[in-house]
Amino acid sequence: MTKGQFPTDKFQQLQTPFYYYDAELLRKTLQTINEEAGKHEGFVVHYAVKANANPQLLRIIRQAGFGADCVSGGEIEASLKAGFPASKIVYAGVGKSDWEINLGLDNDIFCFNVESIPELEVINELADRKNKIARVAFRLNPNVGAHTHANITTGLAENKFGIAMRDMMSVIEEAASMKNIKVVGLHFHIGSQILDMGDFEALCNRINELQNELERHRIIVEHINVGGGLGVDYQHPNRIPVPDFKAYFDTYAKKLKLYPGQTLHFELGRAVVAQCGSLITRTLYIKKGALKQFCIVDAGFTDLIRPALYQAYHKIENITSEEPAQTYDVVGPICESTDVFAKQIDLNCCHRGDLLAIRSAGAYGEIMASQYNCRRLPQGYISDDI
């Protein structure tokens with residue numbers, strides 16, 4: 001969506017800041033995923049709810065036939081409310097509390113992605129109390145690095161996630177002795193915002209080695225789950241609105257050796273929703289300092305924390321001005337020096353009241369918003385309703 005395609009006349013009637021989601025782009029993205037994944041037998045796609053749990057987006061994603069990848073009881077509840085079948089819900093996370101595990105058991109979700117033996121023991125105990133069998137996949141830490149921000153790598157030995165590869169056999173043997181556990185798969189995830197297909201190839205190589213070792217012990221699991229991680233182009237949201245899903249799925253089809261009957265599960269989040277969402281904010285003041293010019297807007301890091309937390313780049317556009325560009329630091333109203341969206345960027349000349357669109361904000365934007373400074377949470381609007 002170019003800035004000229006935003007319904008700015010309708011935006012003027014809405015209280016800023018707010019999130020705006022392009023439903024047409026989301027549906028196009030989902031269609032592309034289904035087409036590319038559908039070229040390969042046994043590929044199953046789940047949506048990583050942590051990226052954005054806006055109920056309207058969840059319903060559109062569910063209508064496309066995706067499963068749900070959840071990392072909390074709240075996400076399980078949101079997925080069920082949006083209509084995702086429990087049989088397509090996967091529950092991951094290093095710190096599952098008892099009530100969350102019980103929620104999964106009560107609803108007979110597809111499986112728990114288990115990250116430690118203590119967690120496995122608790123799931124077995126809670127399942128026993130309910131006279132149920134818990135389906136589990138072991139999340140293994142493949143010690144594979146990813147070319148991404150250090151805060152969003154998850155597949156290194158130093159990270160808190162997963163079971164060490166060296167402990168794999170002992171964990172599988174432990175599970176075999178538990179009468180309320182059924183091992184159905186192996187789970188991996190190496191990080192987020194990955195654009196180098198070589199990272200996914202490295203994961204495939206590690207999984208192939210692992211499967212070979214398991215085969216020597218006559219163990220073949222039903223499902224392999226490789227997580228998500230595919231990134232988006234934050235620099236060019238207009239030119240590249242849909243990620244390269246063909247290259248992503250083709251990499252796994254070519255490099256990962258699946259055994260007969262195995263299914264391959266993916267948990268895509270950012271790549272599904274990032275580009276369809278923009279944070280719309282209104283210019284409050286233009287402040288000319290001694291060294292630079294500030295465009296002060298009514299959105300802050302309470303509404304979009306990624307630039308402050310990860311030093312993340314988001315393209316910003318003045319969608320109500322066609323005047324010649326000037327250079328600004330775009331900053332918010334929060335009483336913190338880190339409340340900066342961008343420094344020294346060129347925007348069409350800004351005036352009080354102008355609307356700015358902070359692009360590629362559909363993932364980890366609205367869902368990570370907070371009420372610091374007692375601020376209101378931003379509303380989310382979908383293009384179908386505007």
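Because the structure is predicted, anything quoted here is derived from the model rather than measured.
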Can we say R129 and D98 salt-bridge, meaning some charged N sits less than 4.0 Å from an Asp/Glu carboxylate O?
-> no
Please identify each residue that fulfils ring pair (Phe, Tyr, Trp, His ring centres under 6.0 Å) with F200, with sequence neighbours left out.
-> Y248, Y252
Closest non-hydrogen contact found for R135 with F110 is NE-O, 2.8 Å
Counterpart residues, ring pair (Phe, Tyr, Trp, His ring centres under 6.0 Å), relative to F294 (two or more places apart) | none
Spell out, yes or no, whether I172 and F112 are grouped together once hydrophobic residues are joined by side-chain heavy atoms under 4.5 Å, including indirect joins.
-> yes
With D385, which residues qualify under side chain to side chain contact (heavy atoms under 4.5 Å, CB included), at least two apart?
-> Q56, I382
Can you spot which of V114, N113, V221 makes a side chain to side chain contact (heavy atoms under 4.5 Å, CB included) with F138?
-> V114
Would you please test F6 and T320 for side-chain contact (heavy atoms from CB on, under 4.5 Å) and show each step?
-> CA-CA 10 Å; F6 286 102; T320 51; over 6 Å; no
Worked verdict on E100 versus S72 for side-chain contact (heavy atoms from CB on, under 4.5 Å) = CA-CA 7 Å; E100 293 171 313; S72 74; 3.8 Å; yes
Straight-line distance of K315 NZ to D233 CG, nearest 0.5 Å | 10.5 Å
Heavy-atom nearest pair, P17 first then A299, reads CB-CB, 3.7 Å
Answer yes or no: is there a side-chain heavy-atom contact under 4.5 Å between T29 and Q275?
-> no
According to a 4.5 Å side-chain heavy-atom criterion applied to Ile, Leu, Val, Met, Phe, Trp and Tyr, with indirect links allowed, do L264 and I190 form part of one hydrophobic cluster?
-> yes
R282 and Q12 side chains, donor-acceptor separation under 3.5 Å | yes
Exercise: do Q293 and D329 side chains pair donor with acceptor under 3.5 Å | no
Are any of the side-chain heavy atoms of T251 and E201 separated by less than 4.5 Å?
-> yes
Run the side-chain donor-acceptor check on residues 177-184: report pairs under 3.5 Å with partners two or more places apart or on a different chain.
unit_1 : atom_1 : unit_2 : atom_2 : d
S177   : OG     : E174   : O      : 2.6
K179   : NZ     : D128   : OD1    : 2.6
N180   : ND2    : K132   : O      : 2.9

Could E209 and R206 be called an ion pair, given the rule that one side-chain N must be under 4.0 Å from one carboxylate O?
-> yes
Got a sec, which residues hit salt bridge (Lys or Arg N to Asp or Glu O under 4.0 Å) with K130, two or more places apart in sequence or on another chain?
-> D106
Establish, for the pair R139 and F188, whether the NZ or CZ atom is under 6.0 angstrom from the six-membered ring centre and no further than 45 degrees off its axis.
-> no
Which residue pairs satisfy the salt bridge (Lys or Arg N to Asp or Glu O under 4.0 Å) criterion with at least one member in residues 360-376, sequence neighbours excluded?
-> D303-R375
Any chance you could measure I319, atom CD1, to T281, atom OG1, to the nearest 0.5 Å?
-> 10.0 Å
If you take all heavy atoms of T338 and A308, which pair is closest and at what distance?
-> O-CB, 3.5 Å
Y91 vs N107, side-chain contact (heavy atoms from CB on, under 4.5 Å): CA-CA, chis, key distance, verdict = CA-CA 12 Å; Y91 179 26; N107 285 280; over 6 Å; no
Scan residues 162-181 for pairs that pass ring-ring contact (aromatic ring centres under 6.0 Å, His included), counting only residues two or more places apart or in two chains.
-> none
Least distance between heavy atoms, N373 atom then C335 atom = OD1-N, 3.5 Å
May I ask you to test the K96-E119 pair for a side-chain heavy-atom distance under 4.5 Å?
-> yes
Report yes or no: do I33 and I194 belong to one cluster of Ile/Leu/Val/Met/Phe/Trp/Tyr joined by side chain heavy-atom distances under 4.5 Å?
-> yes
Solution key, residues 37-52 side-chain donor-acceptor pairs under 3.5 Å, sequence neighbours excluded:
unit_1 : atom_1 : unit_2 : atom_2 : d
K39    : NZ     : E36    : OE1    : 3.1
K39    : NZ     : E36    : OE2    : 3.2
H40    : NE2    : D250   : OD1    : 3.0
H46    : ND1    : K88    : O      : 3.2
H46    : NE2    : H265   : ND1    : 2.9
Y47    : OH     : N52    : N      : 3.1
Y47    : OH     : N52    : O      : 2.7
N52    : OD1    : N54    : N      : 2.8
N52    : ND2    : Y21    : OH     : 3.0
N52    : ND2    : G362   : O      : 2.8

Selection residues 59-86 - residue pairs positive for salt bridge (Lys or Arg N to Asp or Glu O under 4.0 Å), sequence neighbours left out = none
Would E35 and Q31 count as having a side-chain donor-acceptor pair, cut-off 3.5 Å?
-> yes
Any ring-ring contact (aromatic ring centres under 6.0 Å, His included) involving residues 326-357? Give me the pairs, sequence neighbours left out, ordered by first then second residue.
-> none
Are side-chain N/O atoms of Y310 and Q193 paired as donor and acceptor at under 3.5 Å?
-> no
I286 with L356, same ILVMFWY side-chain cluster at under 4.5 Å | yes
Kindly write out the residues that satisfy side chain to side chain contact (heavy atoms under 4.5 Å, CB included) with L377, not counting sequence neighbours, or none if the list is empty.
-> A369, Q371
So do S383 and E24 actually touch side chain to side chain, heavy atoms under 4.5 Å?
-> no
Could you give the distance from CD1 (I89) to OG (S79), rounded to the nearest 0.5 Å?
-> 5.0 Å
Do N34 and F66 have side chains that get closer than 4.5 Å, going by heavy atoms?
-> yes
Please name the residue in the list E222, Q211, E215 that meets the side chain to side chain donor-acceptor pair (under 3.5 Å) test with Y259.
-> E215
Might you work through the side-chain contact (heavy atoms from CB on, under 4.5 Å) test for V272 and L30, ending with a clear yes or no?
-> CA-CA 7 Å; V272 178; L30 295 168; 3.7 Å; yes
Aromatic ring pairing F11/F18, orientation class (parallel under 30°, perpendicular over 60°, tilted between) = perpendicular
Residues that Q13 engages under side chain to side chain contact (heavy atoms under 4.5 Å, CB included), provided they are two or more places apart | none
Taking atom NE2 of H223 and atom CG of L258, what is their separation to the nearest 0.5 Å?
-> 12.0 Å
